[in-house]
Number of protein chains: 2
Amino acid sequence: MTLTPDQENLYLIAPELPEILVRRYRLLRKIYYSAPLGRRSLAAYFQVGERVLRREIEILRDQGLIAVESRGITLTSAGESLVTSITPSLKSFLGLTLLEEKLVKLLKVKDVTVVPGDLESDEVVLLEMGRAATRILRECLKPGIVLAVSGGTSCAAVADMLPEAPAPSGITVVPARGGLGEVVDYQANTIAARVAQKLRTNYRLLHLPDSLSQEALQMLLREKKIKEILDLINSASILIHGIGTAEEMARRRGAAPEEMERLREQGAVGEVFGFFYNSRGEIVEHIPSLGLYLEDLGNRVENVIVVAGGRRKAKAIVAVVGNHPRDFLVLDEGAAKRILELYSRKGDTPLF
Amino acid sequence: MTLTPDQENLYLIAPELPEILVRRYRLLRKIYYSAPLGRRSLAAYFQVGERVLRREIEILRDQGLIAVESRGITLTSAGESLVTSITPSLKSFLGLTLLEEKLVKLLKVKDVTVVPGDLESDEVVLLEMGRAATRILRECLKPGIVLAVSGGTSCAAVADMLPEAPAPSGITVVPARGGLGEVVDYQANTIAARVAQKLRTNYRLLHLPDSLSQEALQMLLREKKIKEILDLINSASILIHGIGTAEEMARRRGAAPEEMERLREQGAVGEVFGFFYNSRGEIVEHIPSLGLYLEDLGNRVENVIVVAGGRRKAKAIVAVVGNHPRDFLVLDEGAAKRILELYSRKGDTPLF
DNA sequence: CCGGGCGGGTCTTTTTTTGACCCATTTTTT
DNA sequence: AAAAAATGGGTCAAAAAAAGACCCGCCCGG
């Protein structure tokens, strides 16, 4: 807060600064997450010529932030500590801290973390979001609790970035939803197991498809094992989940064309656990699913950590996460700025 | 203090930043003090090509910090507020705040103000020092006190930069020394009068040469008017003075070659009020002068504001100002860094 | 043991920056 | 009022810096 005027000054007197700063930061961050890797890979990643990238590399090398060896480019310890320690000041420099404060007020959530960059143009942003989420997660962990994690790339990133370190004892990790789609790495089951492994604790799996009719569900509830795990999920005190855009999720669930059309008509923009929300945050549709049994999970669980990024998810985030005073929201700069755009277009009037 | 790590980060990730920052700052500062003035004058001042300066000007114009008109370049209000407000953050960015703290400890003075730049390569640094001194002066002013000001370019700069604003009532401004040299603008008398005028208060003049034998002095003391003003000077509670290098001051007082030689032999490096100090801060010589009557003024006066700058004055500053716990010292980056160099060469052992 | 990716070198092309002018105009001085 | 000085802006060629497009030898992992 006290920094802002100074930074505006630097901004004014050296307008080329933000660009340089962001460029170098992104470079270091990419190396941080993908080291060791070479010039050409980096150049391809950032879609710049190899020569121009090389110049940046040489500067960073001369600064002692990276080490270039025959196996590739790596961060030095100085570079590593920089890339982690500069994040707060860079965030405030880029106005993201201010953005966070605005979003907390606007969305009426507990806490907002905005990560620099845009998921859609820089993949490591996803990892950065994951890392931010793990910090929140660690804060919430208490002995004996149940931690429910959902599926999707965002949650997978959280699992990826979770440091391997013992958690408070007696924690159980469970999937927050059934099987959905095909990619095993993004299944809630898989992610729950990986999270548990990182935390050195136990986990339970849910061997059911996420889409399920009420009848089938009622029948399965008679199975003791299944009832047990579902009740365990219902008793979770931490829930981590991502957010899907309505369209994408409907397609992934294999919805029929007429269903898609109905969703569009109803203004559905976001999806979580089979519930579709319109931009006012109202549920307009739900697909028969486990979500029904786990209904209102997001409103009962003590700590909800929502991880979602990318400009195109802005509307979905607003729809799903707005007015949830217990939610921690982790998103990226792209989505955050887009959300503010949406609000300013509507004359700053809350959507709910 | 909390800023330092961040700034080091910026430094590391954007090594070209300090140069840009200092260059633009100096440019703005020069315009601030000399506006309106044209491209060619500026280019000549900074000893760079006209074209390269033009580019800088264009950048600053696009940033809305300066206005270029047919009468010359001027700071916009944004630029003006920037050039004054950025000084603290630039100082801390350039490590000057840290320097100040070090010097306070090392020299054992009350307070140190380091101004960015070097007097010897940038004349406006003198004005900047003057401006810094006026801020200290304003703090010290109390109703009814006597303010003694010495001569020289540094004190003249203080008078120049002093804002025209009424001071507490009943203040009397007096010269702290007699006439010395030829340039009227730098005479203590002249400066005292200008300061008084700026403060809208009274002043008294001392119509005596600074170099004076004891006999002549004794005789003059019988003159009531002269005794009166000398006693007034002795009752001063604020004293502003500069610092001369021994060599320069000896020459200016018209010392004979053998005197010069003796001073050199005795290791004299600094001069104030006719007293010559060696680098251990000991008085090794004094020229018969009013200073004798005003002996020890610097040790009796409540607030002493010492203004001196330029690398070549570093030794003199250390010699004269060291161990004066009531002194405010205003100097420039050049002198400050040079002083620290001197200390580190001598293994950080205090010189006194 | 071999192939892909690595850093580094080098050449040419392109872009940017700089230098060196000149000009019309305004401002200041005489 | 005239003259002199200083102003910003324009232009074009030279110089320097950056970028592109290579190629090479090396090292590591399959």
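This one's a predicted model, so the numbers in the text were calculated from it and none came from an experiment. Just so we're on the same page: letters track the sequence lines, and every chain starts at 1.
Here the closest non-hydrogen pair linking B/K30 and B/L37 is CE-CD1, 4.2 Å. Taking every heavy atom of both residues into account, B/I66 and B/I57 meet most closely at CD1-O, 3.4 Å. The two residues B/S154 and B/L126 come nearest to each other via the heavy atoms CA-CD1, 3.9 Å. Considering all non-hydrogen atoms of both residues, A/C155 and A/I191 come closest at O-CG2, 3.8 Å.
In this structure, a donor-acceptor pair under 3.5 Å is present between the side chains of B/Y33 and B/E128.
Looking at residues two or more places apart in sequence or on another chain, you find no side chain to side chain donor-acceptor pair (under 3.5 Å) involving B/Q187. Residues satisfying the side-chain contact (heavy atoms from CB on, under 4.5 Å) criterion with A/K337, sequence neighbours excluded, are A/L99, A/E333.
Bounding nucleotides for the chain B contact on DNA chain C, 5' to 3', at a heavy-atom distance below 4.0 Å, are C/dT17 to C/dT27.
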Please tabulate, one pair per line, each protein N/O and nucleotide N/O from nucleotides 7-9 of chain D that are separated by under 3.5 Å, including the distance.
residue	atom	partner	partner atom	Å
D/dT7	OP1	B/G38	N	2.8
D/dT7	OP1	B/S41	OG	2.9
D/dT7	OP2	B/S41	OG	3.2
D/dG8	OP2	B/R39	N	2.8
D/dG8	N7	B/R40	NH1	3.2
D/dG8	O6	B/R40	NH2	2.9
D/dG9	N7	B/R39	NH1	2.6
D/dG9	N7	B/R39	NH2	3.0
D/dG9	O6	B/R39	NH2	3.2
D/dG9	O6	B/R40	NH2	3.1

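If one axis is set at each end of the helix from C/dC1-D/dG30 to C/dT30-D/dA1 from five pairs, those axes are 30° apart, to 10°.
Atom CG of B/L331 and atom CZ of B/R311 lie 12.5 Å apart (nearest 0.5 Å). With values rounded to the nearest 0.5 angstrom, A/Y203 atom OH is found 10.0 Å from A/T190 atom OG1.
Per the geometry, CZ belonging to B/R51 stands 17 Å off P belonging to D/dA15, to the nearest Å.
Between A/R338 and A/E120 there is no salt bridge, since no side-chain N of the basic residue sits under 4.0 Å from a carboxylate O of the acidic one. Ionic pairing of A/R251 and A/E248 is not present here: no N-O contact between side-chain nitrogen and carboxylate oxygen is shorter than 4.0 angstrom.
Against DNA chain C, the stretch residues 19-30 of chain A makes no heavy-atom approach under 4.0 Å.
Between A/R39 and the options A/R51, A/E56, A/R54, a side-chain contact (heavy atoms from CB on, under 4.5 Å) holds for only A/R54.
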